[in-house]
Amino acid sequence: QVRLVESGGGLVQAGGSLRLSCAASGRTFSSCAMGWFRQAPGSEREIVAGISRTGGGTYYADSVKGRFVISRNNALNMGYLQMNGLKPEDTAVYYCAARVSVGTPTSDGGMNNWGKGTLVTVSS
């Protein structure tokens, strides 16, 4: 199916910004809804943001709404998560995931393509 590789994680100070990228390999990325998820230490994995196949629909967790922006460029088989105003509580491993379906992801339901994750650490 679709192979996903995240990049862009790192160490940043609170209030800083970071841009995560998700490179997709395969012929069906444009047919895939995708999303960004994160798992903090001691916490369950949660959705951060989701985006529909064409990018026309987006979803954001309340905790990141207004600070993060999800986007995609199907011509380049790339997904992105722009993170602004980072907080220490944003520290987590961030994962890109995709599913061959319509609609805008609001959970990890149906996601059957996952990247290995990239670590984002926000210092206070």
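The first residue in the sequence is number 1, and the count goes up from there.
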At their closest point, which heavy atom of [X] faces which heavy atom of [Y], and how far apart are they?
X	Y	result
Trp36	Gly79	CZ2-O, 4.1 Å
Leu4	Ala24	CD2-CB, 3.7 Å
Met78	Ser21	CE-CB, 3.7 Å
Gln82	Ser17	NE2-CB, 4.0 Å
Ala49	Leu81	CB-CD1, 4.3 Å
Pro105	Met34	CG-O, 3.7 Å

Handout entry: Derivation and outcome, ring-ring contact (aromatic ring centres under 6.0 Å, His included), residues Trp114 and Phe37
Key = CA-CA 10 Å; Trp114 292 83; Phe37 302 79; 5.0 Å; yes

Exercise for the section: Could you tell me whether Arg3 atom CZ has more than 12 heavy atoms of other residues or ligands within 6.0 Å of it? Expected result: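 Check fails, neighbour count at 12 or below.
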
Handout entry: Backbone N/O of Thr104 and side chain of Ser52: donor-acceptor pair under 3.5 Å
Key = no

Exercise for the section: Verify, without hydrogens or angle tests, whether Arg67 (side chain) and Gly85 (backbone) share a donor-acceptor contact under 3.5 angstrom. Expected result: yes

Fill in the blank from the handout: Residue set satisfying disulfide (SG to SG under 2.5 Å) with Cys96, at least two apart, ordered chain then number -> Cys22

Starting at [atom1] of [X], measure out to [atom2] of [Y] and round the result to the nearest 0.5 Å.
X	Y	atom1	atom2	answer
Thr58	Lys65	OG1	NZ	9.5 Å
Thr106	Tyr60	OG1	OH	14.5 Å
Asn77	Ser30	CG	OG	7.5 Å
Thr91	Leu86	OG1	CG	8.5 Å

Exercise for the section: Might you work through the side chain to side chain contact (heavy atoms under 4.5 Å, CB included) test for Ile70 and Tyr59, ending with a clear yes or no? Expected result: CA-CA 8 Å; Ile70 187 171; Tyr59 166 84; over 6 Å; no

Handout entry: Partner set under side chain to side chain contact (heavy atoms under 4.5 Å, CB included) for Ser71, not counting sequence neighbours
Key =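 So Ser71 forms a side chain to side chain contact (heavy atoms under 4.5 Å, CB included) with Tyr80.
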
Exercise for the section: Using side chain to side chain contact (heavy atoms under 4.5 Å, CB included) as the criterion, list what pairs up with Val120, not counting sequence neighbours. Expected result: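 Leu18, Leu20, Met83, Tyr94, Val122.
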
Practice task
Could you check if a side-chain atom of Val48 sits within less than 4.5 angstrom of a side-chain atom of Phe68, using non-hydrogen atoms only?
Solution key: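 Yes, their side chains come closer than 4.5 Å.
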
Problem - Test: Glu6 and Lys116 ion pair at under 4.0 Å - result: no

Practice task
Salt-bridge test for Lys87 and Asp90: reply yes if a basic N is under 4.0 Å from a carboxylate O, no otherwise.
Solution key: no

Practice task
Determine, step by step, whether Val2 and Cys32 satisfy the side chain to side chain contact (heavy atoms under 4.5 Å, CB included) criterion, reporting the C-alpha distance in whole Å, the side-chain angles of both residues, the deciding distance to 0.1 Å, and the verdict.
Solution key: CA-CA 9 Å; Val2 179; Cys32 294; 3.8 Å; yes

Practice task
Report whether Leu119 and Ile47 are members of the same hydrophobic cluster (ILVMFWY, side-chain heavy atoms less than 4.5 Å apart, transitive linking).
Solution key: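 Yes; Ile47 is reachable from Leu119 via cluster members.
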
Handout entry: Step-by-step side chain to side chain contact (heavy atoms under 4.5 Å, CB included) determination, Ser63 to Arg38
Key = CA-CA 12 Å; Ser63 60; Arg38 68 186 182 187; 3.4 Å; yes

